[in-house]
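Read through the structure below, which is laid out as structure tokens, and then see the notes.
Just so you know, these numbers use all the heavy atoms, side chains as well, and skip hydrogens, waters and symmetry mates. The first residue in the sequence is number 1, and the count goes up from there.
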Amino acid sequence: MIRKVFLFLTLMIMSIGYMAAQAQADIKFDKMSHDFGDFPETDPVVKCTFTFTNVGDGPLVVHQVVASCGCTVPEYTQEPIMPGKTGTIQVTYSGRGKYPGHFSKSITVRSNAKSAERIKLTIEGNMTEAKTKK
């Protein structure tokens with residue numbers, strides 16, 4: 001009798017551990033790109049926020065968020081995101097010292113999401129030349 005109870009408890013603990021190991025995070029963004037449109041060279045810093053949700057059943061961890069150049073700086077939620085909860089990535093683009101015109105930059109997000117370990121977000125816009133006074 002004791003052997004049967006022990007065997008039953010052992011199997012139950014193993015199955016709970018197996019189910020917990022199967023819990024995986026997944027990520028879904030509210031948008032994959034952002035267009036700043038036109039903004040003036042006299043006010044060259046623009047910001048946007050990408051919001052993401054953990055649509056999986058395990059904690060989501062964003063390991064790294066990297067921009068394609070130094071003029072673009074991402075800041076992101078550092079702590080694990082529980083299932084159903086949201087996090088953000090705020091992206092700041094600075095056109096200081098850049099020539100006016102169209103730009104397009106990418107931001108790569110690395111996480112433990114089961115659907116994609118790497119996701120590429122994009123920002124773009126058009127910095128318009130400052131009008132010269134006569």
Q. Can you find a heavy atom in the side chain of Lys98 that is under 4.5 Å from one in the side chain of Cys71?
A. yes

Q | Other ILVMFWY residues reachable from Val109 by side-chain steps of under 4.5 Å | A | Ile27, Phe29, Met32, Phe36, Phe39, Val46, Phe50, Phe52, Leu60, Val62, Val65, Tyr76, Ile81, Ile89, Val91, Tyr93, Phe103, Ile107, Ile119, Leu121, Ile123, Met127

Q. Where the side chain of Glu124 meets the backbone of Ser104, is there a donor-acceptor pair that is under 3.5 Å apart?
A. no

Q.
Has Ser111 got a side-chain atom pairing as donor or acceptor with Ala113's backbone, closer than 3.5 angstrom?
A. yes

**Q.** Sequence neighbours excluded, every pair satisfying side-chain hydrogen bond (donor to acceptor under 3.5 Å, both in side chains) that has a member inside residues 25-38
**A.** Asp26-Ser115, Lys31-His34, Asp38-Asn126

Q: Return the set of residues passing side chain to side chain contact (heavy atoms under 4.5 Å, CB included) with Val73 (not counting sequence neighbours), or none when no residue passes.
A: none

Q. Okay, side chain of Thr77, backbone of Thr88: is any donor-acceptor separation there less than 3.5 Å?
A. yes

Q) Looking at side-chain heavy atoms only, is the closest gap between Lys105 and Cys69 below 4.5 Å? A) yes

Q. With sequence neighbours left out, what residues match Pro83 under side chain to side chain contact (heavy atoms under 4.5 Å, CB included)?
A. Asn54

Q: Sequence neighbours left out, what passes side chain to side chain donor-acceptor pair (under 3.5 Å) with Gln64? Give chain and number order.
A: Arg110

Q.
Testing the basics here: between Ala25 and Pro59, what is the closest heavy-atom pair and its distance to 0.1 Å?
A. CB-O, 3.2 Å

Q) Between Val45 and Arg96, is any pair of side-chain heavy atoms under 4.5 Å apart? A) yes

Q | Linked hydrophobic residues, Tyr99 as query - side chain contacts closer than 4.5 Å | A | none

Q: Please say whether more than 12 non-hydrogen atoms of neighbouring residues, nucleotides or ligands are located less than 6.0 Å from NZ in Lys114.
A: yes

